[in-house]
Amino acid sequence: MSIRDILRMGDPRLLLQAEPVKEFGTPELDALIADMFDTMHAANGAGLAAPQIGVNLQLVIFGFRDNPRYPDADPVPETILLNPVLTPLSEDTEEDWEGCLSVPGLRGVVPRWSSLHYRGFDQFGKPFEREVHGFHARVVQHECDHLAGILYPMRIKDFSRFGYTDILFPGMDAGDD
Ligand code: NI
C-alpha cells in the first residue's frame, strides 16, 4: 500500500470519461483501493476518485467520521463504489462549500441535488444502492463528477463565492489543501 500523487487541475487526465470496471475482486483492484484509502487519509480527504491518481476507472471511495476539512459535515459511511449510477429524487438543489484534493487551497459554493438515489457495485461485484441527502449526497455527486471529467469549479454559478480556503475560513485546519 502506498500514498499516490494526486493529479491537479490542468492535468488532462482529470477531464476524461472513466471506463467501467469489468473485473471485480482481483488483487490488482484490492491494491488500487488500498492505495486510494491511504492517499485519501493522508490528505484528510472526504473522498477520492480513481482518475485523481491517474487511473481511468469508474471507482470512487468516500466517507469519514470527523473531517477537519469539513468540520460541520455529518459523518458519511466509508464506501467503495464502482460503476455508479446517480438519480436525483427531486429537482431540489442546495448550495454549500466544496473543496477538492485536485484543486488544493481553494473552496467554492456549488449547487447540488439535495437528495438522490445511487447504485453501483462494491469491489467484489456485489450490487448495492442507497438513498441519501445532505453532505452524503454532495460527496457522491462530487466524486462521481470526477468519473465524467468534471471538477467542481466547472459547476460554480457565483464566482464571488470561490476563493482561497485560508482567506475564506481563517483558522480552519484544512490540511494540505
Ligand atoms: Ni474532488
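Counting convention: from 1, in listed order, for ligands and their atoms alike. When a residue number appears, it is its place in the shown sequence, counting from 1.
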| said: If you count every heavy atom of other residues, nucleotides or ligands that lies below 6.0 Å from F24 atom CZ, does the total exceed 12? | reply: yes
| task | Pull up every protein N/O/S atom sitting under 2.8 Å from the Ni ion (ligand 1), skipping waters. | result | C100 SG, H142 NE2, H146 NE2
| task | Could you point out which residue of D96, D145, T93 forms a side chain to side chain donor-acceptor pair (under 3.5 Å) with R112? | result | D145
| message | Closer than 3.5 angstrom, by distance alone: can the side chain of T79 be matched with the main-chain N or O of P77 as a donor-acceptor pair? | response | yes
| Sole residue of R107, R155, R138 in side chain to side chain donor-acceptor pair (under 3.5 Å) with E98 | R138
| remark: side-chain contact (heavy atoms from CB on, under 4.5 Å) with Q141: of L116, I150, V132, only one passes, and it is L116
| message | Treating S102 as the side-chain partner and Q52 as the backbone partner, does any N or O pair qualify as donor plus acceptor under 3.5 Å? | response | no
